[in-house]
Amino acid sequence: SQQGEEDPQALSIQEGENATMNCSYKTSINNLQWYRQNSGRGLVHLILIRSNEREKHSGRLRVTLDTSKKSSSLLITASRAADTASYFCATVSNQAGTALIFGKGTTLSVSS
Amino acid sequence: ETGVTQTPRHLVMGMTNKKSLKCEQHLGHNAMYWYKQSAKKPLELMFVYNFKEQTENNSVPSRFSPECPNSSHLFLHLHTLQPEDSALYLCASSPQGNVMNTEAFFGQGTRLTVV
């Protein structure tokens, strides 16, 4: 069953610009995670934010979490061509938190 | 390289064939997962194994049969598949499965084509 819903589905920007992706979910969560996937490859973990946290940073990544709105955002600053990939949010629920439930993802294209 | 290895990377099989996908991790993790990724659809959780015991079967058809002989290995046995089963099959592992409060490590996936 799908939990997260990313927005936009596709995003095209120029190198150096910032990219913002949003994720909405439905049930209460233990934590929310963002993953990156290069074309047809496996997923790579980017960042995990727990339900009692509001913001987290990792290098050029900034993630926010608003549990009252059941939403999260991923900001990539000063984007590079190498950031071109699909980005997924995934949630771990409080009810049955044994696995990640993914959204459809945002496809980011960064042109030089 | 995440430490999770999937073989084969690509597989083409007929609808009457029987094949198996293999996943291996030596990260000391106790939970392993199979996900299916079809074009234009979210990743679908198929099976969860925690300490070698299956803890979740997400309404997966019986033509997919998982096997977890030990905490390091996970198999997905395939038989009499349909063309719509063509997809990227991803294996993942995590330290524990009671609550996933850490990251998951994914393999590179097996690209399956059913003809």
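None of the values given here were measured: they were computed from a predicted structure. So you know, we letter chains A, B, ... as the sequences are listed, proteins then strands, and number each from 1.
- Nearest heavy atom pair, residue Pro42(B) against residue Phe102(A), reads CB-O, 3.8 Å.
- Note on Val60(B) and Met15(B): same hydrophobic cluster, where clusters join Ile, Leu, Val, Met, Phe, Trp and Tyr whose side-chain heavy atoms are under 4.5 Å apart, directly or indirectly.
- Contacts from residues 41-67 of chain A to chain B, taken as heavy-atom pairs separated by less than 4.5 Å, involve Arg41(A), Gly42(A), Leu43(A), His45(A), Leu48(A), Arg50(A) in sequence order.
- Looking only at distances, no side-chain donor or acceptor of Tyr35(B) sits under 3.5 Å from a matching main-chain atom of Ile101(A).
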Problem - Test log, rule side chain to side chain contact (heavy atoms under 4.5 Å, CB included), inputs Glu103(B) and Gln33(A) - result: CA-CA 8 Å; Glu103(B) 66 184 278; Gln33(A) 304 183 27; 4.2 Å; yes

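- If you measure heavy-atom distances from Glu44(B) to chain A, you find no contacts under 4.5 Å at all.
- The environment of Arg63(B) atom CZ is dense: over 12 non-hydrogen atoms of other residues, nucleotides or ligands sit within 6.0 angstrom.
- Heavy atoms of Gln37(B) lying under 4.5 Å from chain A belong exclusively to its side chain.
- Neither the backbone nor the side chain of Gln9(A) comes within less than 4.5 Å of any heavy atom of chain B.
- Applying a 4.5 Å heavy-atom cutoff, the residues of residues 81-93 of chain B that approach chain A are Leu88(B), Leu90(B).
- Side chains of Leu100(A) and Leu45(B) form no contact here, defined as non-hydrogen atoms less than 4.5 Å apart.
- Residue Ser59(B) does not touch chain A at all, counting heavy-atom pairs closer than 4.5 Å.
- Hydrophobic clustering, with ILVMFWY side chains joined whenever heavy atoms are under 4.5 angstrom apart, keeps Phe75(B) apart from Met13(B).
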